[in-house]
Amino acid sequence: MPELPEVETIKRDLTKLIVDKKILDIKTDSVKQVQPSLGVVKKAVMGTTIKKIGRRAKLLQVFLSNGKILVVHLKLTGRLLVRDKNDPQDDWQRVLITLSGGKELRFCDLRKFGWIKLLDARSWTLEAEKFGPEPFSKEFTIICLKKIFSKTRRAIKIVLMDQNKIAGIGNIYASEALFLAKIDPRKSAKQLGNQAIEQLKKAIIKVLKAGIKYRGASDHDYLDALGQKGSYQDHFLVYGREGKKCFDCKGKVAKIKLSGRGTYFCPKCQK
DNA sequence: AGTCGCCTGGTA
DNA sequence: TACCAGGCGACT
């Protein structure tokens, strides 16, 4: 799925494209993806105006003029596309939101893992509390990371991807950050020294910033709100580069499974 | 801490 | 035909 940089890109796009638009209708053929139910959501959103778009971890928030929030999780293959209502259908359209000005917000999702959920401000706060710090926030400090890592023996890559520990990092950016920091993804989080943690923090910020700069990684399904690909996949150092030369040592990039997820790293450089 | 399930499609 | 895919919650 879209990870932090991809969701952030969509957030910025949507801010330009749909803020101040009015919601005229919502429909779906994929009822499980609209929560609590299409009926409830429809009743709440019809006639409201979109005030603001937000992001927390990999979740997008659409703030409505009645105080409610539409929260969207794109999971692995979700897209949020802004189209003219007469534009040709997109692949895998699941939820269609008709907007004022002849526009349409299309939630498309091949694998149907994603969802749109209606929340009030209070339940949003409860849901958002469980997430770890945002990498671009002031809470994201060495001290904070040290605290998080010291509490678990799990592999550092698994911890990086745990949204309750740190928000927004997924499989791609975890692999890339660990390569930059020269840390073996299998290494126990607990065993990272101060220097390694400092390197890792810098690396996380660096790869996420690069991801945003290149408008996300379109390795598989990701598209921005106008249906355009990002280009961060052209800058991957290890992800998807199994058997190819490491850019540092000219050894070979390895692929292993870590908790069932494809994990790419350079066994020579990453210790 | 690791595996399965939710879904559909692309590729070897 | 089998396996793989950027996530994550439930289960063991």
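The figures that follow rest on heavy atoms only: side chains count, while hydrogens, waters and symmetry mates do not. In what follows, chains are A, B, ... by sequence order, proteins preceding strands, each numbered from 1.
The residue A:Gly170 sits close only to the backbone: its heavy atoms come under 4.0 Å of sugar-phosphate atoms, none of a base. Looking at heavy-atom distances under 4.0 Å, A:Asn171 makes contact with sugar-phosphate atoms alone, never a base.
Qualifying side-chain contact (heavy atoms from CB on, under 4.5 Å) partners for A:Glu129, counting only residues two or more places apart in sequence or in other chains: A:Thr125, A:Leu126. A:Trp92 is linked by a side-chain contact (heavy atoms from CB on, under 4.5 Å) to A:Arg79, A:Arg94, A:Leu110, counting only residues two or more places apart in sequence or in another chain. Every residue two or more places apart in sequence or in another chain was checked for a ring pair (Phe, Tyr, Trp, His ring centres under 6.0 Å) with A:Trp124, and none qualifies. Residues passing the side-chain contact (heavy atoms from CB on, under 4.5 Å) test with A:Ile142 are A:Lys146, A:Ile197, A:Glu198, A:Lys201, sequence neighbours excluded. Partners of A:Glu127 under the salt bridge (charged side-chain N to carboxylate O under 4.0 Å, His left out) rule, at least two apart in sequence or in another chain, are A:Lys117.
Within the structure, side chain to side chain donor-acceptor pair (under 3.5 Å) contacts touching residues 222-237 of chain A (residues at least two apart or in different chains) are A:Arg215-A:Asp224.
The stretch residues 151-159 of chain A touches DNA chain B through A:Thr152, A:Arg153, A:Arg154, each having a heavy atom under 4.0 angstrom from the strand. For the segment residues 108-121 of chain A, the set of residues with a heavy atom within less than 4.0 Å of an atom of DNA chain B comprises A:Leu110, A:Arg111, A:Lys112, A:Phe113, in numerical order.
When rounded to the nearest whole Å, the span between OH of A:Tyr264 and C1' of C:dC4 equals 9 Å. Taking atom NZ of residue A:Lys255 and atom P of nucleotide C:dC3, one finds them 13 Å apart after rounding to whole Å. Summarising the geometry, the separation between CG on A:Asp162 and C1' on C:dA10 is reported as 15 Å, rounded to the nearest angstrom. Across the protein-nucleic acid pair, A:Ile166 atom CD1 and C:dC8 atom P stand 13 Å apart, rounded to whole Å. Rounding to whole angstrom units, CZ of residue A:Phe236 and C1' of C:dA5 are separated by 13 Å. Per the geometry, CZ belonging to A:Arg261 stands 13 Å off C1' belonging to B:dC4, to the nearest Å. In this structure, the CG atom of A:Leu74 is 11 Å from the C1' atom of C:dG7, given to the nearest Å. When the C1' atom of B:dG9 is taken as reference, atom CZ of A:Arg79 falls 12 Å away, rounded to whole Å.
Taking 4.5 Å as the limit, some side-chain heavy atom of A:Phe107 sits within range of a side-chain heavy atom of A:Ile116.
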Side-chain donor-acceptor pairs under 3.5 Å in residues 65-72 of chain A, sequence neighbours left out?
residue, atom, partner, partner atom, Å
A:Ser65, OG, A:Thr49, N, 2.8
A:Asn66, OD1, A:Lys68, N, 3.0
A:Asn66, ND2, A:Ala44, O, 2.9

Do any side-chain atoms of residues 134-141 of chain A form donor-acceptor pairs under 3.5 angstrom with protein atoms, and if so which ones, sequence neighbours left out?
residue, atom, partner, partner atom, Å
A:Glu134, OE1, A:Arg55, NH1, 3.0
A:Glu134, OE1, A:Arg55, NH2, 3.0
A:Glu134, OE2, A:Arg56, NH1, 3.0
A:Glu134, OE2, A:Ala57, N, 2.6
A:Ser137, OG, A:Glu134, O, 2.7
A:Ser137, OG, A:Glu139, N, 3.4
A:Ser137, OG, A:Glu139, OE1, 3.1
A:Thr141, OG1, A:Cys144, N, 3.1

Donor-acceptor list for residues 246-265 of chain A side chains, cut-off 3.5 Å, not counting sequence neighbours:
residue, atom, partner, partner atom, Å
A:Asp248, OD2, A:Lys182, NZ, 2.7
A:Thr263, OG1, A:Lys157, NZ, 2.8
A:Thr263, OG1, A:Arg261, O, 3.0

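Comparing C:dG7, B:dT3, B:dG9 by their nearest atom to the side chain of A:Met161 picks out C:dG7.
With hydrogens and angles left out, the side-chain atoms of A:Ser30 and A:Gln33 include a donor and acceptor closer than 3.5 Å.
Annotation: cation-pi pair A:Lys51/A:Phe63 absent, no NZ/CZ under 6.0 Å from the ring centroid and within 45° of its normal.
Judged by closest nucleotide on DNA chain C, A:Tyr222 is the one of A:Lys130 and A:Tyr222 placed further toward the 5' end.
Regarding contacts with the backbone of C:dC3, every side-chain N or O of A:Lys257 stays at 4.0 angstrom or more from both OP1 and OP2. The side chain of A:Gln163 places no N or O atom within less than 4.0 Å of a non-bridging phosphate oxygen (OP1 or OP2) of C:dG7. Contact between the side-chain N/O atoms of A:Lys58 and the OP1/OP2 oxygens of C:dC8 is found at a separation under 4.0 Å. OP1 or OP2 of C:dC8 sits under 4.0 Å from a side-chain N or O of A:His73.
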**Message:** Wobble G-U and Watson-Crick pairs count when both distances are under 3.5 Å; given that, what is the 5' to 3' dot-bracket string of DNA chain C, with | for pairing to other strands?
**Reply:** |||||.||||||
